[in-house]
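This report concerns only the one structure given below.
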Amino acid sequence: MTKMLTVDTNPVDCYLRVDRIPHIWCAGCGIGPATGCFLRAIDRAELNPDKVAVVSGIGCSGRVAGYIKLDSFHTTHGRALPFATGLKLGNPELNVVVFSGDGDIVAIGGNHLIHSARRNIDMTVICINNFNYGMTGGQMGPTTPLDARSATSPYGNFEYPFNLPYLVAASGATYVARWTVLHLRELERSIAEALTKPGFSFIEVLGPCPTVYGRRNKLPRGMDEMRSYQERSVIRDGADPKDVELSLNGPIVVGKFVDIERPTLWDCYQQMLDRVTKP
Amino acid sequence: MNLWRKPFDIDEKAPRPVKIHIDIDRCKGCGYCAEFCPRGVLKMTGELSYKGYDMVGVVDDGKCLGCGLCEAMCPEFGIYLIYEDKELK
């Protein structure tokens, strides 16, 4: 038996643009583990990497598209979902994944999110939620919990935040889950499930943001935020999305909340085309 | 009566000898791997790398079960495991 001489590298390096690594994310950022889970989920779901396209918007998590060696697109702020819609309708064979942050998908692109879920476009949305606008210096956003401090709410936030799984499930998504970056195996399995499921799949990933969010909220290192996830998270599959609201120090309910079947936009379009073009 | 027997699948389920690779060029010293390693194989050394980040080191290779949690958890894709019996497969 001849022994092959191989140079060992990280197993996910084949999906990364290694010349750009080390990346710009802070030490302890939650986007790295989430990206790794997504890359391993491609293998787990046994997808052809040539048929996977990644679209991301602006922000820290928007840079994922630049680090992944798949067909990827870095779009304008908040418009990742419209781009992905066009991509999916232009080439229905593609497996479109939108990888972006809460400030991009929920704040400026919130309208696109609910309408993509309403039309049930066949795509997977991975939303990294770090509770604020990380790249621009930690301003409060629509996901900042009540009483959390940020650059623009120095005495505590007094606006009620969005409950993302409830919003998306009410808009008509077929798969809704929430995990933290500490639930690595569950997250990987969930992303693989969402990739193979037809319809609009939404996965909220809670990730630490030590530099701008944790520092103002008594969690100065990434490790402190991870520890708090470990203590506070409760796995409750099939929970009513209504009851999974996040608070500053309360329990974090994680799990797969919604998994239903509904015809996608492309199915409805084909149905209508058949009906209209029939002689 | 002998109630204990050797499990039939012990050969495939037993922990395989493993070697841990840490890429110092990528590591930013967040310490997740050392904190969440279930066997305490990794530890922060307290020294600084040539880039000025805290360094992580391998304390005891032999204790490693090869669960791969450090590899999955590393935000920098900077740590990975190599199974020593890879050629046999």
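Note on naming: letters A, B, ... go to the chains in the order of the sequence lines (proteins, then strands), and numbering restarts at 1 for each one. Note that this is a predicted model, so its numbers are computed, not measured.
Note: A:Pro22 leads A:Ala34, A:Gly30, A:Pro210, A:Pro22 in heavy-atom pairs under 4.5 Å with chain B.
Under a cut-off of 6.0 angstrom, the local environment of CZ in A:Arg236 is sparse, with at most 12 non-hydrogen atoms contributed by other residues, nucleotides or ligands. More than 12 heavy atoms of other residues, nucleotides or ligands shown are found within 6.0 angstrom of NZ on A:Lys197. Heavy-atom contacts from other residues, nucleotides or ligands closer than 6.0 Å to NZ of B:Lys51 number more than 12. Shown here is B:Tyr50, whose OH atom has more than 12 heavy atoms of other residues, nucleotides or ligands within 6.0 Å.
Looking at B:Asp25, the atoms closer than 4.5 Å to chain A (heavy atoms on both sides) all sit in the backbone: N, CA, C or O. No part of B:Lys19 comes within reach of chain A, as not one of its non-hydrogen atoms sits under 4.5 angstrom from that chain. The contact between A:Leu16 and chain B is made entirely by side chain atoms (from C-beta outward), counting heavy-atom distances below 4.5 Å. There is no contact between A:Cys37 and chain B, counting heavy-atom distances below 4.5 Å. Heavy atoms of A:Glu188 lying under 4.5 Å from chain B are absent altogether.
Residue B:Cys30 comes nearest to A:Gly28 through the heavy atom pair CB-N, 3.4 Å, listed as atom of the first residue, atom of the second, then distance. Nearest heavy-atom pair across A:Cys29 and B:Pro75 is O-CB, 3.5 Å. In terms of heavy atoms, B:Phe36 sits closest to A:Arg227 at CE2-NH1, 4.0 Å. Of all non-hydrogen atoms in A:Cys26 and B:Glu76, the two that sit nearest each other are O-OE2, 4.1 Å. B:Arg26 and A:Val18 make their closest contact through NH2-CG1, 3.4 Å (heavy atoms, listed as atom of the first residue, atom of the second, distance).
Not counting sequence neighbours, A:Ser61 has no partner by the side-chain hydrogen bond (donor to acceptor under 3.5 Å, both in side chains) test.
Atom-to-atom distance recorded for B:Glu35:CD and A:Arg221:CZ is 7.5 Å, nearest 0.5 angstrom. For the atom pair A:Leu184 CG and B:Met73 CE, the distance stands at 4.5 Å (nearest 0.5 Å). Remark: B:Phe77 CZ to A:Thr9 OG1 distance equals 13.0 Å, nearest 0.5 Å.
Side chains of B:Tyr80 and A:Val12 form no contact here, defined as non-hydrogen atoms less than 4.5 Å apart.
Within residues 54-72 of chain B, the residues having any heavy atom closer than 4.5 Å to a heavy atom of chain A are B:Cys67, B:Gly68, B:Leu69, B:Glu71, B:Ala72, listed by residue number.
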